[in-house]
Amino acid sequence: MDNLARKNSDGKETLLFDLSQTTVRDMNQFLHHNLDKSNVSNIRIIHPDGAHSIAVGLEVPVNIEIEGHAGYFCAGMNKQANVTIKGNVGWSVAENIMSGMVRVKGYASECAGASGHGGTLIIERDASLRCGISMKGVDIIVGGSVGNFSAFMAQAGHLVVCGDAGDGLGDSIYEAIIYVRGKIKSLGADARIEPLTDEDHKVLAKLLALAGFKHDTKEFKRVASARQLYHWNADANQEY
Amino acid sequence: MCGIVGLLIKNPAMRDELGELMLPMLIGMTERGPDSAGLAVFGDRISKGKVKFNLFATSADFDWNLFEKAFDSHFGSIADLTIKGRHAVLSTTVIWESVRDWLVHSYRRELTILCVGSSMDIYKDIGTPGQVAERYGFKNLHGSHVVGHTRMATESAVTPQHAHPFTAGHDFCLVHNGSLSNPNSIRRKLEPLGIHFDTDNDTEAACRYLEWRLREGDTLEQAVQSGFEEQDGFYTFLMGTENKLALVRDAFACKPAVVAENDDYVAISSEFRSLARLPDIKNARLFEPAPEELYVWTI
């Protein structure tokens, strides 16, 4: 491997991967097969240059910092790891995240956090279309706005949007909860705006604090399922 | 899947480097489109009163010398021919319709007309983007803007004619990432109007539709707006005209695009990784174009 190891004050090691020298495949193989046997607690990845599949499928608690823009599927299927991308990400960042935390300092493209089961995804700027599509328990906190069709068929977890939301927000949503601070261009089928409960304020405050976003929870609207699509209604004549 | 790339050089001092700057972008999209590649490059306008045809020979054995003589004897005018393998640029003062009719009548099987106009050249062929670039010397191209494409065919054959860019009219081209579900109904609408199709490719339908709208007097915005109604499917379209690059994504933004802009250039690609080698990309303004919004850059 072309990686450089450095001893930290706590006796653990920091590794450096330069993706202009090492392939993503070689790096990921190390992360999958050797990391848990090593003394490494921190990893820096430089020159990502939009490469796909950086740090996918991690299963150990490790801190990873990516210095630049990453491509598709970055930190997908993440378990336990704490991944920070100091740039933008392409499609499907933290797709199917199970646990741990993924933080994007820049913008995220489409399908951020898609089908995520757990853990936390923080996007400091905007997220594009279909953010949190089919989310199943992940908490997604977006500092900016989200694009159209976000939280489509979202089943569980929370989507916090500090900016605006695009068309069709929460279309066919199940039990996930969305909090939006700005404007909602339009709601999807079966999504409705509801008042925040005391519990909502607590959950939202915790999520905002986790992300480091300083907003008053009173500024947010809650969007959740009207549960009208849960049961087949033959009288609806296909109109919802 | 396919890859699209576009580059418009704002800083005139960098226009000699157009090919060199664009080449890593095109090759960077090889995984999205490994079976064919092509580009339209907009360079210097040819002198007034002239028109140029970009021609592609069906066979590598095509005799360009014989073609040149046939042209001279038919029109009584000397053909100005620049040949790169199976590709040639024919510049002439002869009225363009006469040349087109003669080419179609005499060389229907041997030659494909890639484009007609005064500032655009088109190169497209089968092979990886790297191979096609090498074959036609993409690295040495210069000009103000370029529209490029790497193809992974999903709906029609892999031939040089089916590669992108497609063109219609003069100095207009279009590349496409996506697939249209109603190219045949668009075609059935246009053919009775006398609009001829060269291939069964879905992108050609979009290209000819939009050029038809422009010829009918629509602005680019109006043409694209009517395309939203008429074209059914997924698409990111990148279009080139003599002095513009234009980009549009379908309502669902199903196909990707990313734009990088600074004082020197505007660069467009399907994915950021093919922009990563551009000079000073770290300080460029990066953004993802919104669905159903037309982005236009003028040289």
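A note on names: the letters A, B, ... follow the listed sequences, proteins ahead of strands, and every chain is numbered from 1.
- Around CZ of B:Phe234, the count of heavy atoms belonging to other residues, nucleotides or ligands within 6.0 Å does not exceed 12.
- Atom NE2 of A:His69 is separated from atom CG of B:Leu275 by 9.5 Å, given to the nearest 0.5 angstrom.
- Surrounding CZ of A:Phe220 are more than 12 heavy atoms belonging to other residues, nucleotides or ligands, all under 6.0 Å away.
- Using modelled atom types and a 3.5 Å distance limit, the side chains of A:His52 and B:Glu271 yield a donor-acceptor pair.
- Interatomic distance, CZ of B:Phe252 versus CZ of A:Phe149, reported as 4.5 Å (0.5 Å rounding).
- At a 4.5 Å heavy-atom cutoff, the contact between A:Asn148 and chain B is made by side-chain atoms alone.
- Remark: A:Asp49 CG to B:Phe272 CZ distance equals 6.5 Å, nearest 0.5 Å.
- Judged by distance alone, with hydrogens and angles left aside, the side-chain atoms of B:Arg273 form no donor-acceptor pair with the main-chain N or O of A:Pro48 at under 3.5 Å.
- Ion pairing of A:Glu67 with B:Lys282 is absent here, as no side-chain N (NZ or NE/NH1/NH2) approaches a carboxylate O to less than 4.0 Å.
- A distance of 9.5 Å separates CD of B:Glu292 from CG of A:Asp167, quoted to the nearest 0.5 Å.
- Within a 6.0 Å sphere centred on NZ of A:Lys79, heavy atoms belonging to other residues, nucleotides or ligands number 12 at most.
- Neither the backbone nor the side chain of B:Ser269 comes within less than 4.5 Å of any heavy atom in chain A.
- In this structure, the portion of B:Pro291 lying under 4.5 Å from any heavy atom of chain A is its side chain and not its backbone.
- Within a 6.0 Å radius of CD in B:Glu134, no more than 12 heavy atoms belonging to other residues, nucleotides or ligands are found.
- The number of heavy-atom neighbours closer than 6.0 Å to CD of B:Glu31, taken from other residues, nucleotides and ligands shown, is 12 or below.
- Within 6.0 Å of NE2 in A:His117 there are more than 12 heavy atoms belonging to other residues, nucleotides or ligands.
- Your options are A:Gly166, A:Ser128, A:Gly90, and the one with the most heavy-atom pairs under 4.5 Å with chain B is A:Ser128.
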